[in-house]
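Nothing here was measured: the structure is a model prediction, and the numbers come from that model. Chain letters run A, B, ... following the sequence lines, proteins first, then strands; residues in each count from 1.
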There are 2 protein chains.
Amino acid sequence: MPDRHVQTFRQFQRVVTREVGALQDDFLGRGRPFGASRLLWEMGDGPVEVSSLRERLGLDAGYASRLLRSLEDEGLVAVRPSPDDARAKVATRTPAGTDEATLLDRLSDDAAQGVLAGFSDSELAEIDAAARTLTRALTRRHLSIETVDPQSRDAQWCVDQFFAEIDALFDSGYDPAKAIVVGASELTPPHGAFLVARLHGQPVGCGGVKLPAGEPAFLKRMWVAPSARGLGVAGLMLDQLEALAVASGAPAVTLDTNSLLTAAGQLYESRGYRQVADFNGEPHADRWYRKEL
Amino acid sequence: MPDRHVQTFRQFQRVVTREVGALQDDFLGRGRPFGASRLLWEMGDGPVEVSSLRERLGLDAGYASRLLRSLEDEGLVAVRPSPDDARAKVATRTPAGTDEATLLDRLSDDAAQGVLAGFSDSELAEIDAAARTLTRALTRRHLSIETVDPQSRDAQWCVDQFFAEIDALFDSGYDPAKAIVVGASELTPPHGAFLVARLHGQPVGCGGVKLPAGEPAFLKRMWVAPSARGLGVAGLMLDQLEALAVASGAPAVTLDTNSLLTAAGQLYESRGYRQVADFNGEPHADRWYRKEL
DNA sequence: CCTTATAGTTGACTACAGTCAACAATATGC
DNA sequence: GCATATTGTTGACTGTAGTCAACTATAAGG
C-alpha cells in the first residue's frame, strides 16, 4: 500500500481526534457523564432490553446498571422488569428523556452544521461524498455477511423489520397471506440461502436467494436497516447472493420489487439488472428485474 | 444547508468516534496514560520549551508537570532549565524516548493500514481524496490568516523556517545576502503587507506582497509549514494576497519561484498564473510568473 | 530595590470510566 | 425438585483526567 495513503489517513485521524474531543465536550455540557448521554441517546424511544443495550455499547453490567440508575433518578428513563423474563429488565425513555435525547440530537446537528457552515454548495456536495466514502471505508472492517438459518433469531428479526417497513410504505399495506409464500427450506442450502449482514455483530440487513436447479435464481427479502444505509451493505449483499447463484449454475438472477423502494431500483439498475415483464404475479410488486450471468 | 448533508456528516461523526476510541486503546496498550503518550509524541525530537508544549496541547500547568515527571521517571525524556530563561524548562527526548515515539508512530501507521487493508488501488485513491477533503473541511474553522508586522515574532519564525527549508533544498543553498532585499517597510501597509496563517493559534504559514503604486504587485515569501500542507492554506493565503493587490489597484500580480518547489508551481498554474521571462534577476529563482487582474 | 508578572511544582481535590466479586432473583435442563 | 446458568444490583476498588490554589524561583520594568 502506498505510504502516502497511510500518511494522508493519519493526518486525517489526527484532525478527527481533535474534532471528536470537541464533540464530546458538547455532550458533557449537559451536566452528566458522556456515558450516560450516550446510553440515553443509543437506547432509542421504544422499550429496549437492558442486556442488548449493554452489549451494543460494550458496557460492564455493573457500570451500565449505575448509569441507568442515574438516568432514572434524573427522570429520563423508566426501567421495568421484562414481560418475557422476570430476571431481565427493559428500559424506556420518559417524555422528559425523549426531550433530552432530542436536545442532544440538536446539539449534534448544530456541531455538524458548525463544521459545514461557510462552505459553498459545491464544496458541501464534495464534503458529503467524501464523508460517505470514508464512512463506508471505516465501516467495512466491522461488517460481516454470513449464511444463516432463515428461522434463526437474527434472520427473523430482519424479516420482521422488513415487513413492518414495507407495510407502512405501501398504500394498501403488506399482507404476507397474499404474498408468494417462500418456505424456509427454499432459502436453505442446497435449495437456496439466506444471508444476514452484521455491523459490530448486530444484524443490519438480510437477503435471500432461491436456487431452483436449472432455473434462474430468485432474490427475496433484500433489506438494510435504516441505521446502516449508505454504507454499501446492499451492494456487498448482492455480490454474495449473485456469487451463490453463479456457484449453483443458475443462468440468470431475477427478482421483483416495488417502485416505492427507490434505492433498491437504483441499486439493481446500476448492477446491470434490466426490467422485464411480470413473471410471477406477486401482488406487492410493480417491477421485475433480470440479469444474465 | 441541505439537511441530508448534516445527516451524512453526523453518521460520519458517529463512525469516526468509534474508530478514534479504538485508536486510543492502541496507545493505551503501551502501559501509560494516553495523555503521556500524546505528550511524548507531540514534543518531537529536539528540545522544546515546556510552556509551548503545554499551550499546544491545551494542558493545565500542574497536569503537564506531572505528566512530564512520569515520562522522566520512565527515562523517556530529559527536562532541563532553559538556557534563555532560568524560570522556564526545555524537554528533550532521550534515546529511549525517541525509540518509544517511533514505536507509537508505527502503531499509528499499523492502525491506519488496518483500516486501509483490503481496498483496491482505485478505492484507496478514492479514500485518499476523501480524507484530504474532510481534513481540509474540518481544519478550515481553526485556520485564520491575518495581516501582521513582518518583524513580529510569528512572522520572523515563519520566514526563518522558510529560509532554512530552501537552504536545505537548493544545491547551492540559499544566501540572503545574494537575494533581492525586501525591507520590512515594503511589506507593511500601505506599501505592501505580510500575512501569517495560524492553525489553532500556532503559525503555520506566511506570505508577503509588495504593492508599489501603479506597478504590478509582487509576491514574496509564500511558505506553509510541512505539518499543515495539503490543507489548502496556500490557496487561502493566495486568495488574500491577490485581494490586497486588487484593492491597491495593481494591474497584475507577479512572483518568482524555483522549480524545486513543485507544489508552489502547481498552485500558481492552477490559479491562472502564466510563466514569463525573468523580470528581476533574482539568483535563487528559475521561474517567473504573472497573472493579470 | 521593589513591584509585578511568569514558569513550574506540589498538595488536595473532584469527576469520570471501568473492573471485579459477592449476591439475590429467576430460568432452564435434567 | 435440584443443579446450573443468566440478569441485574451493590460495594469496594483502581486509574485517568483535570482543576485550583498556594508556593518558590526567576525576570523585567520603573
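Of the charged side-chain nitrogens involved, at least one lies within less than 4.0 Å of a carboxylate oxygen, so that B:Arg132 and B:Asp128 count as a salt-bridged pair. The pair B:Arg229-B:Glu165 meets the salt-bridge criterion, since a charged nitrogen lies less than 4.0 angstrom from a carboxylate oxygen. Of the charged side-chain nitrogens involved, at least one lies within less than 4.0 Å of a carboxylate oxygen, so that A:Asp105 and B:Arg10 count as a salt-bridged pair. Taking 4.0 Å as the cut-off between side-chain N and carboxylate O, B:Glu100 and B:Arg93 do not count as a salt-bridged pair.
The side chain of B:Ser65 sits closest to C:dT10 out of D:dG8, D:dT9, C:dT10. With D:dG18, C:dT19, C:dA17 as the candidates, the nucleotide lying closest to the side chain of A:Asp60 is C:dT19. The side chain of A:Arg69 approaches D:dT9 more closely than any other nucleotide in the set D:dT9, C:dA17, C:dG8. The side chain of B:Ser51 has C:dG8 as its nearest neighbour among C:dG8, D:dT7, C:dT19. Each of C:dT9, D:dT7, D:dT16 was ranked by its minimum atom distance to the side chain of B:Pro33; first place goes to D:dT16.
With rounding to whole Å, B:Leu67 atom CG is found 12 Å from D:dT19 atom P. Atom CZ of A:Arg80 is separated from atom C1' of D:dT7 by 18 Å (rounded to the nearest Å). Protein atom CG of A:Leu39 is 12 Å distant from nucleotide atom P of C:dG18, rounded to whole Å. Residue A:Leu59 contributes atom CG, which lies 14 Å from atom C1' of D:dG8 at whole-angstrom precision. For the pair B:Phe34 CZ and C:dG18 P, the computed distance is 14 Å after rounding to whole Å. If you take CG of A:Leu57 and P of C:dC16, they are 18 Å apart, rounded to a whole angstrom. One can place OH of B:Tyr63 at 6 Å from C1' of D:dT16, the figure rounded to the nearest angstrom. Across the protein-nucleic acid pair, B:Arg30 atom CZ and D:dT16 atom P stand 15 Å apart, rounded to whole Å.
For the side chain to side chain donor-acceptor pair (under 3.5 Å) test, no residue two or more places apart in sequence or in another chain qualifies with A:Glu49.
Both B:Val90 and A:Arg38 lie near DNA chain C, and the one whose nearest nucleotide falls closer to the 5' end is B:Val90.
If you check every strand for non-hydrogen atoms under 4.0 Å, B:Ala88 touches sugar and phosphate atoms only.
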When you check every protein heavy atom under 4.0 Å of nucleotides 22-30 of chain D, what one-letter string (B, S, -) results, 5' to 3'?
-> ----BS---
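Judged by distance alone, with hydrogens and angles left aside, B:Arg66 brings a side-chain donor or acceptor within reach of the base of C:dG11, the pair sitting under 3.5 Å.
Taking the six-membered ring where tryptophan is involved, the planes of B:Phe12 and A:Phe12 are tilted, since the angle between them lies from 30° to 60°.
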Residues A:Gln113, B:Phe9; criterion side chain to side chain contact (heavy atoms under 4.5 Å, CB included); working and verdict = CA-CA 9 Å; A:Gln113 294 226 17; B:Phe9 196 77; over 6 Å; no
